[in-house]
Protein chains: 2
Amino acid sequence: MSTPGQDVPRPLLPLADDRPPERADAARNRALLLETARRLVERDGVCGVTMDRLASEAGVGKGTVFRRFSSREGLMGELLDFSESGWQAAVLSGPPPLGPGAPPRERLLAFGRSRIETTLLHADLIAASGYPGGRSVAAIGFIASHVRHLLGEIGVEGDLPLLTTALIAPLEVPVLVQQVRREGHSVARVQDAWADLVRRVLDAPPAAAGPRPAP
Amino acid sequence: MSTPGQDVPRPLLPLADDRPPERADAARNRALLLETARRLVERDGVCGVTMDRLASEAGVGKGTVFRRFSSREGLMGELLDFSESGWQAAVLSGPPPLGPGAPPRERLLAFGRSRIETTLLHADLIAASGYPGGRSVAAIGFIASHVRHLLGEIGVEGDLPLLTTALIAPLEVPVLVQQVRREGHSVARVQDAWADLVRRVLDAPPAAAGPRPAP
DNA sequence: AATAGAAACGGACCGTGGTCCGTTTCGCCC
DNA sequence: GGGCGAAACGGACCACGGTCCGTTTCTATT
C-alpha cells in the first residue's frame, strides 16, 4: 500500500508544507517503516511495538526511525492519521446525516454516535499518539472545528469555543474507556447519554445574564 | 477531619485496611521518602523527580522506593492525596457555598470554580499520578460521587452516572491545560463556561422520550 | 537473651524511548 | 562522469522506570 494508484485515504487537511520533498531514500524508508509498523501493530498490538523492534524488523537503524518520525508518538500519530482519514472524509463529504446535507442538529448527533465508536476502535492508537499532552493536534483540531461549526449553524448562543470543548471532552479516550471497558456500560448507553447532553445544551433557555465575552 | 487531634490533613476516605501496620523501619523510610520527594518537587518540579534521584537523595536503595510506593505513579498519587485532602475537607465540611449548607445548585457551581483552580494548581502532580489510565481513582471517585449527589439533590432527571461523567470531563487536566496554558484563555473564562454548561444542563426542558434506563 | 521467620533492604540488571555524531548516500551542477 | 554539500543513515550511548534476588534487619515468641 501507499504511493501509486491512490485508492487509499489521504492525510488530513492538506496544510501546504513549503519544505522541499523528502529524498528518495528517505521516502522509501518512511513507507517501509509505516508498513512494518502497521504489520507489527496488527500482530502484537500497539503496546508490542517498540522502536527498537520496529527498527530491527524493518532492517534499519534506530536513528533512522527517530529521524523519520520524531518520536514514538509521532509514529503512532501518522499511523492514526491514516486510520482516521477515512472517518474524516465521511464527515466532510460522506452521506448524511454524518456528512453534509442533513440539518446541523442531526449532523451533530450523528457525529457523536460515530465519534464514540471510532474513538473506542482506535483507543490504543490514539492514546499512544500522545493525544493529551500535545501531539495529534490534527485529529482534535478537526473534531473541534467541526463541532464548533455545527453549533454556529444551529445558532447556539454563548462562548462557542469553550462550549465546544465541553461537548468534546466526554468523547476523549480515557473517559470512554473508563465508562465502557472499566465500568462496563454499553456503547449504546454512552451514545444516548451524549445525545442527551447535546439536547440539553441546545434546548436550554438563554442565559439570564450573558457570559463575559472574552478577555 | 478524621482521627483525633491532628492538624495535618489526613488521607481520603478511611477505607479500613485490614493489613497489619508497617514495620518500624518501613514506616520511617516511607516518611523519609515522602518528605524528600516533597522537597524535590518543590525544588525541581514534578518532572525533575526521578526514582533514582529520590533514592540516592534519601540515602536508600532504589528497591526500597519501589517497595514502599509500587511505582512512580503510586508515589505521586500519595503526594497528591496529601495535597488534595485539604480541598476534599473543604468540600465535605467547609463553609458554604462549597461546603454543606448552601442550596445544591450553588454548591455545584462553587464546586466547579474551585475544582478548576485546584486542578490547574496540581496539574503536574495529577498527570504524574497516572490519573487517566487507572490510578488515583480515589480523587476522581470523590469528585464523581459528589457531583452525582448534588445532581440528585437538585432533582435532575436522566442517566445521572453518565451525565456526571459528562460534566466532569471538561475539568480533566489535559482539557484545562489545553485551554489555559496552550490557548491562553483566562481561568475566569473557563470557569464561566463551565457554569454556563451546568446552567444549560440543569435548566433544559425534560427529554421528549426518556433515554434508555440502563442495560 | 536467643532464635526463627517474615519483612524490608540495596543495588545490579533489563527493556524502553530518545540523543549524538561519525560515516554513507543522494542528487544537483559543472 | 566527477565532485561536492546537504541530507540521511546507523548504532553506540544515556537516563529513566521497573524487576529480581541475595543479604540484612526487625519483631514476636519462648
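Convention: sequence-line order gives letters A, B, ...; per-chain numbering from 1.
At whole-Å resolution of the value, CZ in B:Arg72 and C1' in D:dG17 are 9 Å apart. If you take CZ of B:Phe66 and P of C:dA12, they are 16 Å apart, rounded to a whole angstrom. The distance from atom CZ of A:Arg28 to atom P of D:dA7 is 18 Å, rounded to the nearest whole Å. For B:Leu54 and C:dG10, the CG to P distance is 12 Å, given to the nearest whole Å. One can place CG of B:Asp44 at 11 Å from P of D:dC16, the figure rounded to the nearest angstrom. Protein atom CZ of A:Arg53 is 11 Å distant from nucleotide atom C1' of C:dG15, rounded to whole Å. In this structure, B:Arg68 places its CZ atom 12 Å from P of C:dA7, rounding to the nearest Å. Rounded to an integer number of Å, the gap from CE of B:Met76 to C1' of D:dC16 is 12 Å.
Heavy-atom nearest nucleotides on DNA chain C were determined for A:Gly63 and for A:Thr50, and the one closer to the 5' end corresponds to A:Thr50. Between A:Met51 and B:Ala26, the one whose closest nucleotide on DNA chain C sits nearer the 5' end is B:Ala26. Comparing B:Ala24 and A:Thr64 along DNA chain D, the residue whose closest nucleotide (by nearest heavy atom) sits nearer the 5' end is A:Thr64. Residue B:Val49 is the one, among B:Asp25 and B:Val49, whose nearest nucleotide of DNA chain D lies closer to the 5' end (criterion: closest heavy atom).
For B:Arg67 and C:dG10, the shortest distance from a side-chain N or O to OP1 or OP2 is not below 4.0 Å. Neither OP1 nor OP2 of C:dA8 sits under 4.0 Å from any side-chain N or O of B:Asn29.
Each end of the helix from C:dA1-D:dT30 to C:dC30-D:dG1 yields a helix axis from five base pairs, and these two axes differ in direction by 0° (to the nearest 10 degrees).
Note that the CG atom of A:Asp159 and the CG atom of B:Asp196 stand 8.0 Å from one another [nearest 0.5 Å].
The pair A:Arg67-A:Asp25 does not count as a salt bridge, with every side-chain nitrogen at least 4.0 angstrom from each carboxylate oxygen. A salt bridge is defined here as a Lys NZ or Arg NE, NH1 or NH2 lying under 4.0 Å from an Asp or Glu carboxylate O, and A:Glu84 with A:Arg115 meets this definition. In this structure, A:Asp44 does not pair ionically with A:Arg39, as no charged nitrogen and carboxylate oxygen lie closer than 4.0 Å. Between A:Glu57 and A:Arg43 there is a salt bridge, with a side-chain nitrogen of the basic residue lying less than 4.0 Å from a carboxylate oxygen of the acidic one. A salt bridge between B:Glu35 and B:Arg38 is present, with a side-chain N of the basic residue lying under 4.0 Å from a carboxylate O of the acidic one.
The base of C:dA7 lies close enough to the side chain of B:Arg23 for a donor and an acceptor atom to sit less than 3.5 Å apart.
In this structure, the nucleotide among C:dA8, D:dT19, D:dC9 sitting nearest to the side chain of B:Lys62 is D:dT19. When distances are taken from the side chain of A:Asp52 to each of C:dC26, C:dG10, C:dG17, the shortest belongs to C:dG17. Of the candidate nucleotides D:dG18, D:dC9, D:dG10, D:dG18 has the atom lying nearest to any side-chain atom of B:Ser71.
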Residue pair A:Val201, B:Arg199: steps toward the side-chain contact (heavy atoms from CB on, under 4.5 Å) verdict: CA-CA 9 Å; A:Val201 166; B:Arg199 186 190 58 75; over 6 Å; no
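Between A:His149 and A:His146, the angle of the ring planes lies from 30° to 60°, which puts this pair in the tilted group.
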